[in-house]
Amino acid sequence: MRITALVIRILRQIVRDKRTMALLILAPILVMSMLHLVFNGEEYTPKVGLVDLPEKIETQLNLEHAKLEHYQTEKLAKKDLSAKKLDAYLVFDQMPPSVVLEGSDPSVNGAVMRWVQGALKSLQPNGGNQEVKADYLFGSGDMGQFDYFGPVLLGFFVFFFVFLIAGVSFLRERTTGTLERLLTSPLRKWEIVAGYIMGFGIFTMIQAAIIAWYAIYVLGMLMEGSFGYVLLITLLLSLTALTLGILLSSFANNELQMIQFIPIIVVPQIFFSGLFNLETISEWLSWVGPFTPLYYAAEALRNVMVRGFGWDMIYKDLLMLLAFSLLFMVLNIAALRRYRKI
Amino acid sequence: MNSPIVSIQHVSKNYGKQQVLKDISLEIYEGEIFGLLGPSGAGKTTLVKQLAGLEEPAQGENYIFSEKMPRLDLIKRIGYMAQSDALYTDLTAKENLDFFAALYGLSGKEKRQRMNEVMELVSLTDHLHKMVTDYSGGMKRRLSLAISLLHSPGLLILDEPTVGIDPVLRKSIWESFKNLKEKGTTILVTTHVMDEAGKCDRLGMIRDGQLIAAGTPEELMQQAGAATIEDAFLAYGGA
């Protein structure tokens, strides 16, 4: 009897809390759909440049399942490769031809190499034991998945923890009455937001430095660019996480409801941040990427860590992160108007 | 009695359809202890929150020091203690005091002096370096009071300051109110405890968002022909 009473009470509570009910039902559906879309995505079609291809050979090749582009000189092909218009190009100056890959995404490298083997099969009638010589513009043949995922994961962890900790601590401020106490002091609303940003900014700077240091120097993650840029990117990313966390905490009544934002706000960002190749995600969903801060941070981190680029290749992403933070900050100050008008 | 420190003029407030304050007019004068007496849910907290600058009336105006609320420069001259303790329990008492003192622009020698004064007033000097988590309920209440006194406010607004405090402590807190009053501080205190109301200079009785009576405790009892404040409250409330 006592147990049934308990069961009824719990069911009543869940039904009454519409949000928890939605989390229990809708969130798994959302995450499952995303995983489905990501993993059942189309097979990646490599974009391959063909440099100076003799017509006689072209007829012998199996050129299906790739987007092809013809080039007169290797220089032009290389330019498009750096601009990421190509994944690889083949140079037919010798037999077998040599292949040059962009190289920063191991799964794309794999797709290209599989395609090259298939395409050239017919050139090698006696079983095809000849190794194709492969060069990499960035990264190398032994660059692992981790080197490619690493920068995204680094960004993700910084985002995730800062979001949660800042959100919960601001929530506590609200539920313990200290926020109200702050608002009966001469403190201005923007000062509260700024104080949080600076306090947590310092904390996340340390956090990001430790995580990045560990990943690069302990786990041996690929690091071509400057460590300073990595810190700058993670700092700006944590700023967006912080301001978003504080903003969303005003829509949560307790810690559990703060946690409920994770599958809604945090997890979907992973899918669109380049952890999975965006071109294999269904088109009707791929527009989400540019609306998530992690998308820009991951791109900038990868540019620095994998490709060794500097300021002029990352400043646009940094500006986007800054724009996100500013937007969230303004919304935060507006949200505080609920507690004090002036 | 001279100029009013607090002047509440025809204030009404509603949350959606629920009317919480109905046309309240009230004046509080310099150097008095004014008690707002009423059962919980009567609208006391809503009214004092307006005076502390947290809320605004739907109709009517609140004037403090003859200026219309809410205003940030007026907030500096008010000390407010909410019903909840609003302390950072993961910090020590001193760290809490430091933080709030800084918000009011106190620093250096002045800050140290004020901190010692207020902690002495609430008899917590010996527990300055203790974590607030280790404080008892009554100690937390007194620390909250100390914090609201840090910046020497001219007007002190206290929302149920003695809830959950034992009689001995309650007596000592009321003694500190009297000390503050003698130094010229005006005190507005809300309570639902009838015997506490008797210690106020003047009282305002609130029920269902309406001010049903105001005056000194003696006046109120006399006019209602009642022997206790509780009986007077019942008489005015039409019960």
Side-chain angles (χ1 to χ4, degrees), chain A residues 18 161-162 164-204 206-207 242 245-246 249-255 257-258 330 332-342, chain B residues 15 45-46 48-58 62 64 67-91 95-97 99-106 132-133 140-141 143-145 147-148 150-151 153 155-160:
Chain A
K18 299 281 186 291
F161 289 114
V162 172
L164 204 60
I165 294 168
V168 168
S169 79
F170 202 74
L171 177 91
R172 290 232 176 96
E173 190 100 65
R174 203 157 50 85
T175 50
T176 58
T178 48
L179 179 65
E180 189 181 272
R181 185 67 191 78
L182 292 183
L183 288 168
T184 56
S185 81
L187 203 62
R188 288 164 197 278
K189 288 192 283 281
W190 68 264
E191 288 173 324
I192 297 176
V193 176
Y196 257 76
I197 286 169
M198 278 189 273
F200 275 90
I202 293 166
F203 168 75
T204 54
I206 298 166
Q207 182 212 21
L242 171 71
I246 295 176
S249 79
S250 44
F251 302 102
N253 293 325
N254 52 49
E255 280 88 346
Q257 292 198 337
M258 197 64 213
V330 170
N332 266 318
I333 295 167
L336 281 175
R337 277 184 65 83
R338 274 210 299 188
Y339 305 100
R340 187 177 76 189
K341 292 291 186 301
I342 49 158
Chain B
Y15 294 116
T45 297
T46 308
V48 294
K49 271 190 178 175
Q50 286 186 2
L51 298 177
L54 286 169
E55 303 218 9
E56 281 179 291
N62 291 307
I64 290 184
E67 305 267 11
K68 193 178 168 197
M69 277 299 277
R71 260 177 60 169
L72 216 51
D73 56 333
L74 291 179
I75 283 176
K76 278 180 216 175
R77 299 169 63 188
I78 301 169
Y80 173 68
M81 177 177 153
Q83 260 178 44
S84 62
D85 284 321
L87 299 165
Y88 297 95
T89 52
D90 43 0
L91 299 178
E95 286 165 336
N96 272 281
L97 288 164
F99 172 69
F100 284 106
L103 292 187
Y104 287 96
L106 296 173
V132 176
T133 332
K140 284 185 195 159
R141 214 73 201 112
L143 181 59
S144 286
L145 178 65
I147 287 171
S148 65
L150 263 178
H151 59 295
L155 171 65
L156 191 58
I157 299 173
L158 307 167
D159 198 359
E160 306 262 9

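When reading the values below, keep in mind they use all heavy atoms of this one structure, side chains included, and skip hydrogens, waters and symmetry mates. Throughout, a chain's letter reflects where its sequence line sits, starting with A, and its residues are numbered from 1.
Taking each heavy atom of Lys76(B) and His151(B) in turn, the nearest pair found is O-CD2, 2.9 Å. For the residue pair Gly79(B) and Pro153(B), the shortest heavy atom distance occurs at N-CB, 3.3 Å.
Shown here are the salt bridge (charged side-chain N to carboxylate O under 4.0 Å, His left out) partners of Arg141(B), two or more places apart in sequence or in another chain: Asp85(B). A search for side-chain hydrogen bond (donor to acceptor under 3.5 Å, both in side chains) contacts involving Ser148(B) returns nothing, not counting sequence neighbours. The salt bridge (charged side-chain N to carboxylate O under 4.0 Å, His left out) search around Glu67(B) returns Arg71(B), not counting sequence neighbours.
Against chain B, the residues from residues 168-176 of chain A that qualify, each with a non-hydrogen atom under 4.5 angstrom away, are Glu173(A), Thr176(A) in number order.
Between the side chain of Glu191(A) and the backbone N or O of Leu187(A) there is no donor-acceptor pair closer than 3.5 Å.
Heavy atoms closer than 4.5 Å to chain A are found in the backbone of Leu87(B), but not in its side chain.
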